[in-house]
Amino acid sequence: MSATIHQRDAVPATHRKRLRFLASAALIALIGTLISATAFAAPATAAAPGPKDTTAVLFSWTWNAIARECTDNLGPAGYGYVQTSPPQEHVQGPEWWTYYQPVSYRIESRLGTRAEFKAMVDTCHAAGVKVIADAVINHMSGKSAGGTGWAGSSFQHYDYPGIYQSQDFHSCRRDISNYQNRTEVQECNLVNLSDLNTSSSYVQGKIAGYLNDLVSLGVDGFRIDAVKHIAASDMQGILSKVNDRARLYVVQEVIRANEPIQPEEYTSYGDIHEFAFARKLKEAFGGGTINWLVTGSGIGPSWSGFLPQASAAVFVDNHDTERNGETLSYKDGTTYDLAQIFTLAWNYGSPSIHSGYQFSDKEAGPALAGNGEVVDPVCGQNGWTCKHAQTNIENMVGFRNATYGTAITNKWDNGSNAIAFGRGDKGFVAINRGGSLTRTFQTSLPAGDYCNVIVGLPTASGCSAGGVVTVNAAGQFTATVDANQALALHVGAKAGSSTDPGTDPGTNPGTGDLTVYYSTSKGWSTYNVHYRVGTGAWTTAPGVGMAAACTGWVSKTIPGGGTGITAAFNNGSGTWDNNGTRDYTLSGAVATVNGGVVGSTNPCGTTQPTTTTTVYYSTGWATANIHYRVGTGAWTAVPGAAMAAACTGWKVKTIELGGAAGITAAFNNGSGSWDNNGGNDYAIGSGAVRVSNGTVTPGNPCS
């Protein structure tokens, strides 16, 4: 197998990367039940469910190592997703591309067993990280002589006993020679890989059966390989047979070129990797002149040949491009790091961070044990790059989460190799590709002392590394950004804002503290809250104990938590409530969690409990409606109740609860555009509650 790319597609059976969420096209199902979305009539939504939209692509990592990494790094850092390499049985061999030559759909590979894969998914979910699997569905192996797969399955080039026989493959059994011919691209072989007849209902059923098996193991989505080589109608046929479709996050590899087949044909089925973004980053950071990336509206959907925000998945490199030199790679050192920092700070698409291993031979696979299994990756050993866990990249994931949904503000550049920009009033970054730079920067940040997250995070007394950066009342700060370095500040990383995550915060609330009340309806004998303040460190699992508050409730006061915490709850014996792997986002002085519903009214107070919910919805729609049901009652008639203007950017509606704990809701503009939380709807408790960018938090944004 050669790793040479022909027309940007023909890599040795291995392609490209990441996944993305498809929440739209749910209107038909939404009107019926507002619970599941199975239609494919509209384009995919803009991004993975925020604010945790960053994926760590752990290329060639074993299932056991990914499980460890979810607990130790990915969860605490705020990654929303981890992407695995293809998990199905594959051809034997030491090369990196073996995973991309399927032999059967058994979940057995040199990366681990089916049981280990399932355990990994469960462990990552407990850490608040969703799992997406690289799915190879266009073809089977490229072995003309056939052979025996990793798990012992025998096969021939066009015969895979118990799965596919000759009639299940396209009749064009030669390599693609003309990429201007749509039929040839989609029916001939990609570098000798036996091309499945994906228009066959039988083949579609087999592929969907494989994807459904992964769904049954708990995966949260797919990165689908070589999609250009599958007709769009075939993709619809396959995905229409996939279970639990509404919650799955799908991204597709469709590389744009001067050819008949274009990425826009597939946007109804998921997001698309925007290769042009990575190419432009190499041009800019590799050349040293980066100011043009932020000129005008900056790199993104306004640029010719770029996907719209609603469909873009972005990256600096992937496992193909790091080998063919098309993009930057780990070999570019600090230049590569600056491009990753920019990608995480900028507001186009949803990013993936490629993390693989060092190589000199582009065909080389990872370190193998004597039996052919991949050796469990450990950072610092066997050449694993561990870019996802590198401080200046990992901490920028927290920056991205803290600034999610905000606009680019306060842009500055020196006309050449230094740029700076804000993300609303939530964050600010400066990136210097040239010599040392000292200047006063203008931001929209609130006044205060911040940590430069490029080098460290808040501690109880200041910052773990680097000096404190003070932003004055005018939003200004003066700092030096050294050559080929960056500086990044955000509201979740103020100096001195962190508490020791392993200690008991106590029960006497102070200014800025958050008291969390959790319903005892689960009947656990012990209740713990596992949390982190802002983007700080998580408590050590299982967290800190909660004490009895009043009948039906336990509570814990978290110092500094009023600005926002991420939390999950458990019984100390392995049973968790992590909001369906999304965790809970809580803020304000009081937050309640009852049956997955977040509220803001003290259930143990002496005053009469709140009997209403006042829902604030963040939207740019001119008209907004809330379609809801109280408790388990009937839904309102579509499109629901009109919401009134509250303050800039927010609509509001107060709803009587009649003794119920809260409502289930979705929002729409009255003209067919819906936000139903990716098909999951929103669970909203009593009191004042904000709904913004897929996140429910207590409080009035207009007060």
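We count residues from 1, following the sequence as given. Note that the structure is a prediction, hence the values are computed from the model and not measured.
- Counting heavy atoms from C-beta on, the side chains of Ile626 and Ile663 come closer than 4.5 Å.
- Put simply, the side chain of Gln340 never gets that close to the backbone of Ile393: no donor and acceptor are under 3.5 Å apart.
- In terms of modelled atom types and a separation under 3.5 Å, the side chain of Asn579 and the main chain of Thr581 share no donor-acceptor contact.
- Applying the salt bridge (Lys or Arg N to Asp or Glu O under 4.0 Å) rule to pairs touching residues 196-216 yields Arg114-Asp213, sequence neighbours excluded.
- None of Val696, Asn578, Val598 except one satisfies the side chain to side chain contact (heavy atoms under 4.5 Å, CB included) rule with Tyr584; the exception is Val598.
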TODO: Test salt bridge (charged side-chain N to carboxylate O under 4.0 Å, His left out) on Arg174 and Glu184 and set out the steps.
DONE: CA-CA 10 Å; Arg174 59 172 175 81; Glu184 188 169 331; 3.1 Å; yes
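- Between Arg256 and Glu264 there is a salt bridge, since at least one side-chain N of the basic residue sits less than 4.0 Å from a carboxylate O of the acidic one.
- The distance from the OH atom of Tyr357 to the CD atom of Glu322 is 7.5 Å, given to the nearest 0.5 Å.
- Ring-plane geometry between Tyr164 and Tyr202 is classed as perpendicular, the angle between the planes exceeding 60 degrees on a 0 to 90 degree scale with a lower cut at 30.
- Panel note: side chain Gln92, backbone Thr148; a donor-acceptor pair is recorded below 3.5 Å.
- Of the possible donor and acceptor atoms, one in the side chain of Asn192 sits under 3.5 Å from a partner among the backbone N and O of Gly142.
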TODO: Tell me, with the steps shown, if Arg323 and Asp320 meet side-chain contact (heavy atoms from CB on, under 4.5 Å).
DONE: CA-CA 5 Å; Arg323 286 170 169 78; Asp320 284 335; 6.0 Å; no
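- What you find for Gly237 and Ser240 is that their closest heavy atoms are O-OG, 2.9 Å.
- The two residues Val316 and Ala278 come nearest to each other via the heavy atoms O-CB, 3.6 Å.
- Nearest heavy atom pair, residue Val103 against residue Ile163, reads O-CD1, 4.1 Å.
- Within the 4.5 Å cutoff, no side-chain heavy atoms of Ser673 are placed close to those of Asn668.
- Side-chain contact, Gln83 with Thr55: no donor N or O sits under 3.5 Å from an acceptor N or O.
- When each of Val203, Ile137, Ile230 is paired with Leu196, the side chain to side chain contact (heavy atoms under 4.5 Å, CB included) condition holds for Val203 and for no other.
- In this structure, Ser109 and Phe117 have side chains that are not in contact, with every pair of non-hydrogen atoms separated by 4.5 Å or more.
- Remark: Tyr99 OH to Trp150 CH2 distance equals 9.5 Å, nearest 0.5 Å.
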- [ ] Walk me through it: do His273 and Gln252 pass the test side chain to side chain donor-acceptor pair (under 3.5 Å)?
- [x] CA-CA 6 Å; His273 281 302; Gln252 305 161 93; over 6 Å; no
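- Of the N and O atoms on the side chains of Asp195 and His170, at least one donor lies less than 3.5 Å from an acceptor on the other residue.
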Task: Trace of the ring-ring contact (aromatic ring centres under 6.0 Å, His included) decision for Phe667 with Tyr682 - done: CA-CA 9 Å; Phe667 303 87; Tyr682 291 96; 5.8 Å; yes
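- Under the 3.5 Å distance criterion, with hydrogens and angles disregarded, no donor-acceptor pair is assigned to the side chains of Asn347 and Tyr404.
- A distance of 12.5 Å separates OG in Ser141 from NE2 in His90, rounded to the nearest 0.5 Å.
- Defined by atom type and a distance below 3.5 Å, a donor-acceptor pair is present between the side-chain atoms of Asn197 and Ser199.
- Lys241 and Gln204 share a donor-acceptor pair across their side chains, judged by distance under 3.5 Å alone.
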Open item on the list: One pair to check against side chain to side chain donor-acceptor pair (under 3.5 Å): Asp675 and Tyr617. What are the steps and the verdict?
Closed with: CA-CA 11 Å; Asp675 171 10; Tyr617 181 62; 2.8 Å; yes
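- No side-chain heavy atom of Lys143 sits less than 4.5 Å from a side-chain heavy atom of His157.
- We find the CD-OG distance between Glu89 and Ser104 to be 3.5 Å, quoted to the nearest 0.5 Å.
- Not a single donor-acceptor pair under 3.5 Å links the side chain of Asp175 to the backbone N or O of Leu190.
- With no hydrogens or angles considered, a side-chain donor-acceptor pair links Asp234 and Thr198 at under 3.5 Å.
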- [ ] Show your working on side-chain contact (heavy atoms from CB on, under 4.5 Å) between Asp225 and Asn138 and close with a plain yes or no.
- [x] CA-CA 7 Å; Asp225 180 70; Asn138 170 68; 5.7 Å; no
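- Taken from CD1 in Ile272 to CD1 in Ile224, the straight-line distance is 9.5 Å, to the nearest 0.5 Å.
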Task: Worked check of ring-ring contact (aromatic ring centres under 6.0 Å, His included) between His388 and Trp61 - done: CA-CA 12 Å; His388 66 282; Trp61 279 56; 5.4 Å; yes
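- The closest side-chain donor-acceptor pair between His125 and Asp220 falls under 3.5 angstrom.
- In terms of modelled atom types and a separation under 3.5 Å, the side chain of Tyr179 and the main chain of Pro260 share no donor-acceptor contact.
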Open item on the list: Between Trp97 and His319, does the ring-ring contact (aromatic ring centres under 6.0 Å, His included) criterion hold? Intermediate values first, please.
Closed with: CA-CA 10 Å; Trp97 40 257; His319 64 267; over 10 Å; no
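- Checking side-chain atoms of Asp168 against main-chain N and O of Gln165 turns up a donor-acceptor pair under 3.5 Å.
- For Ala127 against Cys70, the heavy-atom pair with the smallest separation is CB-O, 3.4 Å.
- Side-chain atoms of Ser311 never come within 3.5 Å of backbone atoms of Pro308 as a donor-acceptor pair (strictly under, hydrogens ignored).
- There is a side-chain donor-acceptor pair under 3.5 Å between His627 and Thr636.
- A salt bridge does not link Arg182 with Glu259: none of the charged nitrogens is closer than 4.0 Å to a carboxylate oxygen.
- Within the 4.5 Å cutoff, side-chain heavy atoms of Leu344 are placed close to those of Thr54.
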TODO: Quick one: do Tyr81 and Ser352 satisfy side chain to side chain donor-acceptor pair (under 3.5 Å)? Show the steps, please.
DONE: CA-CA 9 Å; Tyr81 299 84; Ser352 60; over 6 Å; no
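- Nearest heavy atoms, Ala56 versus Leu74: CB-CD2, 3.7 Å.
- When all heavy atoms of Ile299 and Trp346 are compared, the pair lying nearest together is O-NE1, 2.8 Å.
- With Asn669 contributing its side chain and Ser671 its backbone, the two residues share a donor-acceptor pair below 3.5 Å.
- Counting heavy atoms from C-beta outward, Tyr100 and Pro86 have side chains that approach closer than 4.5 Å.
- Gln186 places no side-chain N or O within donor-acceptor distance of the main-chain N or O of Thr183, the cut-off being under 3.5 Å.
- Annotation: side chain of Asn318 is not in contact with side chain of Val57 (no heavy-atom distance under 4.5 Å).
- For Arg173 and Tyr158, the positive end sits near the middle of the six-membered ring, less than 6.0 Å away and at most 45° from its axis.
- Within the 4.5 Å cutoff, side-chain heavy atoms of Pro87 are placed close to those of Trp63.
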